Visitor: 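Have a look at the structure that comes next, please.
Bear in mind that the values here come from a model prediction, so they are computed numbers and not experimental data.
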Protein chains: 2
Amino acid sequence: MTHDLKESFSADSPPAPAALAAKVRTLAPSMTRSMQRVAEAVAGDPAGCAALTVTGLAELTGTSEATVVRTARLLGYPGYRDLRLALAGLAAHQQSGRAPSVTADIAVDDPIADVVAKLAYDEQQTLADTAAGLDTVQLGAAVAAAATARRIDIYGVGASSLVGQDLAQKLARIGLIAHSHTDPHLAVTNAVQLRSGDVAIAITHSGSTVDVMEPLRVAFDRGATTIAITGRPDGPVTQYADHVLTTSTARESELRPAAMSSRTSQLLVVDCLFIGVAQRTYETAAPALAASYEALAHRHAPRPR
Amino acid sequence: MTHDLKESFSADSPPAPAALAAKVRTLAPSMTRSMQRVAEAVAGDPAGCAALTVTGLAELTGTSEATVVRTARLLGYPGYRDLRLALAGLAAHQQSGRAPSVTADIAVDDPIADVVAKLAYDEQQTLADTAAGLDTVQLGAAVAAAATARRIDIYGVGASSLVGQDLAQKLARIGLIAHSHTDPHLAVTNAVQLRSGDVAIAITHSGSTVDVMEPLRVAFDRGATTIAITGRPDGPVTQYADHVLTTSTARESELRPAAMSSRTSQLLVVDCLFIGVAQRTYETAAPALAASYEALAHRHAPRPR
DNA sequence: AACACGGTTGAAAATATCTTTCAAATGTGA
DNA sequence: TCACATTTGAAAGATATTTTCAACCGTGTT
């Protein structure tokens, strides 16, 4: 416990890391020759020096450990250890300063690391856009309808079908009766069965996919509450929709199909819808979720050693 | 010999400061209780921990020096000293970028607008974590294998099956022979047909889903190049994987199942894989993509007036 | 030129910190 | 319950840091 006093000292008085180079210049005149060599090395390559031990830095500068420690002291740190920590911080800091221009399109010859960065950035952007553009009133209405629905039918084809399946899976997990339809004919056949109190959800990025519009129209005519999740709030599908949830569209490039970002956007909307429903049906949702985890437990292999 | 590449993951991961919190979550399940306590402390207060010595951190977490060192090792650092340096860097990093206030868990009584904001933020976080934690060497190897594969089989069940389908759909669109298998029996039956030059991809968040491991094992034994996309880089599935792509794990709450963020993470990985393959097969991929757009055009209704 | 003297320096000892070892404690499955 | 494997921390061992101290250097004086 006694050493803790030292800790508290280092906590309140270390110099601001950013000003290190300046401090070196300021204090240089009052330094001895060997100390200046050390200070120079430190100011010149903080990141590199952070990787060195006292001995390493002493050798690098052609001085001794003692001199390195003296320099650290002069710069305002309790010892070399703390200077080194500050150096690490400084390195990380200036690392982040160099913001990579990931805003560009993905090119054919981009290195794989750039692809990862750009893709992640794009999808993050898509999420932000979607969240910003989502009408919470419409979403609230959709949630209310879905939470009390007798049954929920979901239509989606192509890439959107996966989103539909995802939603259906999750709703089913919390005990709701939800089905995703991919086959347009079967979807229409099923839609005919719907009536007031049921919910139909169409997912289409273009807002004009016939195979998805048709079953929604039937459901609409039958009196079911209809929801459209689309990137085109003015598209044809919305004329059969009681509630419209808008997804965002990101620029697409040759290598990055629009389906990619629309899927991200659709999934966020669908997740919001799901969480909303789960909130409203919490009493039954929570145990249902727990039960489904339980049921799956035996499908996993034991931990290896 | 090829399988030894797996080793490189845990061994080479150098100071990746930004991804520390993510790494803690990813590796937490494979940690012992006391190690988790240490990891928690580190992830919770990087700045504070950076000021502590091994002994200090051991006392703080009620464990021993040995455990602290073990934890540092598991997180990918040579020892505590290096973890501490990374921590200092991280502290400086987050000092500059002030975190937003939507970090709280989603509660049962959150208004719908908050749900949207929190969910979007969480998914963005997941994307960032995934991108930071993705081993580009492994990814590059996976891309190379997939781009030249005679055929690609993809295994995934539950939520992961949708990710598998998404990947298969996209690869098929650029002219590759790719199939997603959901039925474990059929998957194994198909896996038997694989041989050297084919690629098998298993997608499982837990890393221990038997239904997915089994076909991958068969493919592995048959000499196919095997890829595992999993949130548990130390899970059983990796023993049959030539290349391991790690997805990140976000904290989950009662209302937000882990499946949600793992899906986001998996999709990003899969997208990166796809783009990588598309780059490598650009000559054939570009016209194939264009053709598939063309073919779908007539499935859309004309814009209404 | 020789000397004395204050400041500078690094080798080596002393200390602090980190790492490894190993046996006890704890948990786990038969 | 026992046998076995895993987890854990105390203490020994290895490194890194700090301190000590005598040698060294440069300068100014006699």
Side-chain angles (χ1 to χ4, degrees), chain A residues 1-11 14 27-42 48-88 297-298 300-305, chain B residues 11 15 27-42 48-88 208 234-236:
Chain A
M1 275 298 122
T2 54
H3 332 105
D4 284 22
L5 286 177
K6 193 176 57 182
E7 297 292 341
S8 68
F9 169 80
S10 69
L27 296 175
S30 66
M31 286 182 187
T32 67
R33 253 189 313 286
S34 354
M35 283 167 83
Q36 282 180 10
R37 282 213 299 286
V38 176
E40 248 167 63
V42 164
C49 292
L52 295 171
T53 67
V54 220
T55 315
L57 186 52
E59 276 180 16
L60 178 75
T61 57
T63 63
S64 66
E65 288 99 327
T67 303
V68 172
V69 173
R70 283 188 201 106
T71 310
R73 293 263 162 76
L74 195 68
L75 289 174
Y77 301 91
Y80 175 70
R81 206 191 311 276
D82 299 76
L83 169 61
R84 197 176 165 187
L85 283 172
L87 245 36
H298 79 282
H300 295 281
R303 287 271 300 288
R305 265 305 98 191
Chain B
L27 296 176
S30 64
M31 287 181 186
T32 66
R33 244 189 318 287
S34 358
M35 284 167 84
Q36 282 180 9
R37 280 214 299 286
V38 176
E40 243 166 66
V42 163
C49 292
L52 295 171
T53 68
V54 226
T55 314
L57 186 52
E59 276 179 17
L60 179 74
T61 57
T63 63
S64 66
E65 287 99 328
T67 302
V68 172
V69 173
R70 282 187 202 108
T71 309
R73 292 263 162 75
L74 196 68
L75 290 174
Y77 302 90
Y80 176 70
R81 206 189 311 276
D82 299 77
L83 169 61
R84 198 176 163 186
L85 283 172
L87 245 36
S208 57
D234 62 340

Visitor: To the nearest 10 degrees, what angle separates the axes at the start and end of the helix from C/dA1-D/dT30 to C/dA30-D/dT1, five pairs each?
Guide: 10°
Visitor: To the nearest Å, how far apart are B/L52 CG and C/dA16 P?
Guide: 17 Å
Visitor: Closest heavy-atom contact between A/C49 and A/Y80?
Guide: O-OH, 3.5 Å
Visitor: Output the single nucleotide from D/dT8, C/dT9, C/dT20 whose closest atom is nearest the side chain of A/T32.
Guide: C/dT9
Visitor: Taking for each residue the nucleotide of DNA chain C bearing the nearest heavy atom, is the 5' side occupied by A/R33 or by B/V54?
Guide: A/R33
Visitor: Quick one: pull up CG in A/L87 and CG in A/L75 and give me the separation to the nearest 0.5 Å.
Guide: 9.5 Å
Visitor: Generate the contact string for nucleotides 9-15 of chain D. Rules: B means base contact, S means sugar-phosphate contact only, - means no protein heavy atom under 4.0 Å.
Guide: BB-----
Visitor: With sequence neighbours excluded, tell me which residues meet side-chain contact (heavy atoms from CB on, under 4.5 Å) with A/T53.
Guide: A/T55, A/R84
Visitor: What is the distance, rounded to the nearest whole Å, between atom OH of A/Y80 and atom C1' of C/dA16?
Guide: 16 Å
Visitor: With side-chain contact (heavy atoms from CB on, under 4.5 Å) as the test, pick out the partner of B/L52 among B/V42, B/L60, B/V68.
Guide: B/L60
Visitor: Between C/dT20, D/dT19, D/dA16, which one does the side chain of A/V69 approach most closely?
Guide: D/dT19
Visitor: To the nearest Å, give me how far apart CE (A/M31) and C1' (C/dG7) are.
Guide: 17 Å
Visitor: Measure from CE on B/M35 to P on C/dT26 and round the result to the nearest Å.
Guide: 19 Å
Visitor: How many angstroms lie between atom CE of B/M31 and atom CZ of B/R37, to the nearest 0.5 angstrom?
Guide: 13.0 Å
Visitor: What is the separation between atom CG on A/L85 and atom C1' on C/dC18, rounded to the nearest whole Å?
Guide: 14 Å
Visitor: Figure out the CG/C1' separation between A/L87 and D/dT17, and round it to whole Å.
Guide: 16 Å
Visitor: Return the minimal non-hydrogen interatomic distance between B/L85 and A/A50, and the atom names on each side.
Guide: CD1-O, 3.6 Å
Visitor: Report yes or no: does A/T71 contribute a side-chain atom to a donor-acceptor pair with the main-chain N or O of A/T67 at less than 3.5 Å?
Guide: yes
Visitor: Just how far is it from atom CE of A/M35 to atom CZ of A/R73, taken to the nearest 0.5 Å?
Guide: 10.5 Å
Visitor: Under a 3.5 Å distance rule, please check whether A/T61 uses its side chain to pair with a backbone N or O of A/L57 as donor and acceptor.
Guide: yes
Visitor: Separation of B/E59 atom CD from C/dC18 atom P, in whole Å?
Guide: 13 Å
Visitor: Take atom CG of A/L57 and atom P of D/dA16, then tell me their distance rounded to the nearest Å.
Guide: 14 Å
